[in-house]
Amino acid sequence: MAFLHNAWYVAALSTEVEDEALFHRKILGLSMLIYRRGDGTPVILRDRCPHRFVPLHMGKRIGDDVVCPYHALRFDCTGKCVHNPHGEGHIPRAAVVQSFPAVERHGFVWVWPGDADKADPARIPDYSLLDGGHPNSKGWAYMHMKANYEIIVDNIMDLSHVDHVHGPLLNTAGKLTPQIPRVIEDGNTVSVRWEWHQDPPMGFFSPFLPTPGTGAEHHVGVVWTAPSTMLLTVGAVQGSSNPDDGLLSWDHHLMTPETDTSTHYFFGSRRNWLVEDAELNRMKMDGTVAAFSTEDKPIIEAAQEEMGTTDLWSLKPVLLSGDPAPVRARRMLAQLIETEGAQRRA
Ligand code: FES
Ligand SMILES: [Fe+2]
């Protein structure tokens with residue numbers, strides 16, 4: 001499995017890791033145990049006892065320590081064995097569980113699966129839009145996808161599919177397909193943007209515009225940050241040439257590989273209208289996540305199954321006018337993985 005290891009990935013929604021629980025998830029092919037210290041800060045260890053490799057999440061907690069369920073070796077939150085009830089209690093040198101740098105930010109617990117000494121929290125993309133705003137203006141969600149993470153990135157970086165795949169809530173009425181969107185590379189990011197007039201407006205916005213059901217200017221931009229997180233900003237406006245005067249939704253699509261052919265899809269969203277309306281918030285989150293899981297997911301998973309590989313290029317795909325953004329993101333990531341591999345071999 002070729003992944004970029006020296007990078008931050010979302011390991012869990014903050015809400016998934018409850019205070020006393022031993023949460024677990026496979027990330028980049030590695031089983032990880034995710035839990036909170038007594039003070040709430042997250043801990044991520046390999047979910048594997050070094051004695052007979054039993055998953056530690058099946059064990060129990062004693063304070064900030066974890067006790068293996070099989071023969072009761074006890075490990076602290078750095079992965080060090082602190083108690084061996086067997087024989088004379090000698091602690092073998094190899095009785096260590098791998099630990100991973102962990103940071104909680106923007107409503108997610110992030111993990112760094114690579115070299116711990118390179119884990120700089122400043123390299124977590126700035127998704128602080130999720131930190132501000134009224135609590136009823138935002139929400140978080142998780143979906144599991146049986147597809148390689150780059151195929152899912154392709155889906156967000158080429159939004160021409162919205163014309164064809166999505167129902168009334170998100171549909172863009174054929175307006176994106178004819179466009180040749182501008183793509184900008186900057187540092188470790190690739191950005192792409194579409195603008196169009198739609199009448200009637202997208203179902204997502206229409207009821208909330210000054211004149212519901214009549215034409216509005218629309219825009220959507222996506223910024224991908226290596227290796228696999230994207231901030232999508234979508235909006236509609238009437239009576240102004242400034243998109244920021246209108247309705248805006250900031251949608252964070254954050255992909256974490258589980259294996260080569262499966263992905264943890266994290267989503268965090270905030271809107272700028274009727275920000276205190278809890279019922280609208282629930283409907284918007286449920287509606288969006290339902291669209292992803294009933295409209296995008298079956299198509300993406302079926303494509304993965306049909307491909308039978310994660311090497312897109314070996315299949316010689318046809319390229320269309322919407323492909324430059326996903327292709328540039330793929331190339332940048334491939335280059336980063338190649339560089340990391342070369343450094344590892346050196
Ligand atoms: S498998 Fe964990 S102590 Fe034996
Ligand atoms: Fe979609």
Side-chain angles (χ1 to χ4, degrees), residues 22 24 31 33 45-62 65-76 79-98 141 143 145 147 149-177 181 192 194 202-204 218 220-222 224 230-234 249 251-255 263 265-267 269 284-304 320 322-323 325-326:
L22 294 174
H24 67 105
S31 58
L33 169 70
L45 302 177
R46 187 76 196 268
D47 191 16
R48 167 188 277 202
C49 176
H51 176 227
R52 285 293 185 277
F53 311 107
V54 168
L56 291 170
H57 77 263
M58 296 170 72
K60 64 175 184 209
R61 293 182 61 151
I62 299 182
D65 298 347
V66 181
V67 180
C68 177
Y70 202 5
H71 313 96
L73 285 178
R74 174 171 168 175
F75 303 92
D76 72 10
K80 201 173 95 179
C81 182
V82 291
H83 181 63
N84 171 11
H86 299 265
E88 292 171 1
H90 166 73
I91 292 178
R93 196 190 298 250
V96 177
V97 178
Q98 185 180 3
M143 279 188 300
M145 301 276 284
Y149 70 117
E150 288 188 273
I151 300 180
I152 308 171
V153 170
D154 288 345
N155 172 259
I156 309 288
M157 293 301 282
D158 176 7
L159 290 173
S160 64
H161 83 271
V162 180
D163 283 345
H164 313 287
V165 168
H166 288 295
L169 185 68
L170 302 184
N171 196 272
T172 42
K175 297 286 187 171
L176 271 57
T177 304
V192 60
W194 294 259
M202 275 174 76
F204 190 74
H218 293 60
V220 61
V222 188
W224 169 89
M230 290 154 288
L231 170 53
L232 181 157
T233 306
V234 60
S249 180
D251 296 343
H252 303 69
H253 297 259
L254 315 180
M255 304 306 147
T263 299
Y265 191 144
F266 297 96
F267 181 63
S269 180
K284 176 177 176 270
M285 283 300 293
D286 290 354
T288 313
V289 171
F292 299 157
S293 52
T294 63
E295 294 170 357
D296 294 289
K297 183 177 157 87
I299 287 183
I300 294 170
E301 290 184 342
Q304 173 68 78
L320 304 176
D323 270 311

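One-based numbering, in listed order, for ligands and for the atoms of each.
For ligand 1, the atoms sitting less than 4.0 Å from at least one non-hydrogen atom of C68 are 1 (S), 2 (Fe), 3 (S), numbered in the order shown with element in parentheses.
D296 contributes OD2 and H166 contributes NE2; the angle these two atoms make at the Fe ion (ligand 2) is 80°, rounded to 10°.
For atom 4 (Fe) of ligand 1, the nearest N, O or S atom contributed by H71 is named ND1. Distances from atom 4 (Fe) of ligand 1 to the N/O/S atoms of H51 are shortest for ND1.
Among protein heavy atoms, the minimum distance from atom 1 (S) of ligand 1 is reached at R52 N, 3.3 Å.
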**Message:** Does F267 form a ring-ring contact (aromatic ring centres under 6.0 Å, His included) with H253? I'd like the steps, not just the answer.
**Reply:** CA-CA 5 Å; F267 181 63; H253 297 259; 5.1 Å; yes

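Counted by atom type alone, N171 and H164 present zero donor-acceptor pairs between their side chains at under 3.5 Å. Defined by atom type and a distance below 3.5 Å, a donor-acceptor pair is missing between the side-chain atoms of H86 and H71. Under 3.5 Å, the side chains of H161 and N155 contain a donor-acceptor pair of N or O atoms.
Judged purely by atom type and a 3.5 angstrom limit, R61 has no side-chain atom pairing as donor or acceptor with the backbone of L22.
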